[in-house]
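Inspection log for the structure reproduced underneath, given as C-alpha cells.
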Amino acid sequence: MTEILDGEALAAEVREGLVAAIERLADAGARPTLATVLMSEDPASETYVSMKQDDCAEVGIEARDIGIDPDAPAAELYDTIDDLNADPEVNGILVQMPVPDHVDKRRVLRRIDPAKDVDGFHPENVGRLVAGDARFKPCTPHGIQKLLAAAGVDPEGKDAVVVGRSDIVGKPMANLLMQKTAGGNATVTVCHSRTDDLAAKTRGADILVAAAGAPEMIDGDMLSEGVVVVDVGVNRVDADTEKGYELVGDVDFESAREKARAITPVPGGVGPMTRAMLLYNTVKATAQDAGVEVDLP
Ligand code: NDP
C-alpha cells in the first residue's frame, strides 16, 4: 500500500503546537507579528498573501498587510522594509515574490533585517543554513523535512534526488538533506534543466523531491520501486472545471503511486506545510526577539 503523505493533517498539528508556543510568549508579554508586503496585482500573489494572513489569524499571530502600488518607485518598497526593520513590534517580514521588474529582487532580500527574515532568503541566513547553523530554514524545504520525519522516512544513507535548483526550494532542500544532522545525512543529487538523462538520475532515488514547475514531467517509468516521492510542483493546467483549470504537480500521481512507498498529493501535500512553517519561523523570530524559550513543534 502506498502511503499518501497528508500535508493538511500535519500542518494542522504544527499549527496546534504553535498555539501553545504563542500562549507561552503571551505570558511573557510578546505577541508575534508578521508583516506581509505585496507589490503586485497578480491574483495568485494576492491569494498567497491573503492565505498567509488567514493562517496568522487562526493561530493568534498579528498580521500586518501592506500593499504597495506595483507602479510605485522601487524606493517605496525599500523604505517600507526599513520602517518594518525599525519597528520593534514587527517580528517577521515577508515580501511576496515576484516583485515588479523595476525592483531589484536581490536588493530587497538583502534589505530585510536577517533576524526578521522569516522566509530565510537573506544571504546571511542562506549562509547560515549552508554552514549547518540555520536561523530560519526556508519554509518549503523545512516543511518537507517535517513531512518526511512524520512519515518515519529517515534520509540518512539514502540517495535523495532533488529536481530543481531554485534559491527557494531546490538549493535549500538539497542543503538540508545533506546536512550532518537529523533529517539530513542523505547522498544528494541535484538535477535541473541541463541535466543529461534525467530518468537515469530519478530512477536512482530512494527519496525524490520534484520542484521543477513542469506539469507531471516525472512519471512512474522514471522511478524505482519503493521510492518516497515529494511533489512540490503547483501547475495550472487547462481543465473542464468551473475555473477552467486544475492544479497538478510535477509528478504524474497515478503512475508514480504504483511505484512509490509514499507520495505527497497535489494539492494537500507540500503546500500546507510551507504555510505552516512560515508561522513557525514567525514564532521562532518572536521568541528570539523576546529572549523567551518556547517549544516549537
Ligand atoms: P523555479 O522556476 O525557480 O525553478 C525550477 C527549477 O526546475 C529550475 O532549477 C529548473 O532548471 C528546473 N527545471 C525546470 N524544468 C525542468 C525539466 N524539464 N527538467 C529538469 N529540471 C527542470 O521554480 P521554484 O523552485 O520556485 O518552484 C518549483 C515548483 O514548485 C513550481 O511549480 C512552484 O509553483 C512550486 N512551488 C510550490 C510550493 C509549495 O509550497 N507547494 C512553494 C514553492 C514553489 P534551471 O535552473 O536549469 O532553469
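Indexing begins at 1, ligand by ligand and atom by atom, following the structure's order. The chain is numbered in sequence order, starting from 1. The shown structure was predicted, so the numbers you read here are calculated from the model rather than taken from an experiment.
Using a 4.0 angstrom heavy-atom cutoff, T195 does not count as in contact with ligand 1.
On a distance-only criterion, R165 and ligand 1 share at least one N/O pair closer than 3.5 Å.
Each of N85, L84, V90 was scored for a side-chain contact (heavy atoms from CB on, under 4.5 Å) with D113, with one residue passing: N85. When each of L34, N91, V59, I61 is checked for a side-chain contact (heavy atoms from CB on, under 4.5 Å) with V283, only I61 meets the rule.
Smallest separation of non-hydrogen atoms from D104 and Y78: N-OH, 3.3 Å. A pairwise comparison of heavy atoms in P32 and I22 identifies CG-CG1, 4.1 Å as the closest pair.
In this structure, the side chains of D87 and R64 come closer than 4.5 Å at one or more pairs of heavy atoms.
Distance screen at 4.0 Å: atom 48 (O) of ligand 1 has a protein heavy-atom neighbour inside the cut-off.
When each atom of ligand 1 is checked for a heavy atom of I168 under 4.0 Å away, the hits are 26 (O). Of all the atoms in ligand 1, the ones that sit under 4.0 Å from a non-hydrogen atom of G271 are 40 (O), 41 (N).
Separating the CE atom in M39 from the CD atom in Q96 is a distance of 14.0 Å, to the nearest 0.5 Å. Note that CD of Q179 is 10.0 Å distant from CG of D133, once rounded to the nearest 0.5 Å.
Within the 4.0 Å heavy-atom criterion, the part of M217 lying near ligand 1 is the side chain and not the backbone. The side chain of T274, and not its backbone, has at least one atom closer than 4.0 Å to an atom of ligand 1 (non-hydrogen atoms only; side chain from C-beta on). If you look at N235 next to ligand 1, the close heavy atoms, those under 4.0 Å, all belong to the side chain. Counting heavy atoms under 4.0 Å from ligand 1, residue D167 does not touch it at all. With a 4.0 Å heavy-atom cut-off, ligand 1 is reached by the side chain of T140 but not by its N, CA, C or O.
Linking Ile, Leu, Val, Met, Phe, Trp and Tyr residues whenever their side-chain heavy atoms come within less than 4.5 Å leaves Y48 and V37 in two separate clusters.
Nearest to atom 41 (N) of ligand 1 among the protein's heavy atoms is V232 O, 3.4 Å. Given atom 10 (C) of ligand 1, the protein heavy atom at minimum distance is S193 N, 4.2 Å. Ranking the protein heavy atoms by distance from atom 20 (C) of ligand 1 puts H192 O, 3.2 Å first. Closest to atom 43 (C) of ligand 1 among all protein heavy atoms lies V169 CG2, 3.8 Å.
Between atom 13 (N) of ligand 1 and the options A211, A212, P138, the minimum heavy-atom separation is to A212. With atom 32 (O) of ligand 1 as the reference point, the heavy atom nearest to it among V234, D231, V163 is part of V234. Ranked by closest heavy atom to atom 29 (C) of ligand 1, the top entry among S166, G170, G213, P272 is G213.
Side chain to side chain, D289 and T286 fail the donor-acceptor criterion of an N or O pair below 3.5 Å. Between the side chains of Y245 and R236, a donor-acceptor pair is found at a separation under 3.5 Å. Between T36 and Q53, the side chains place a donor N or O and an acceptor N or O closer than 3.5 Å (distance only, hydrogens not considered).
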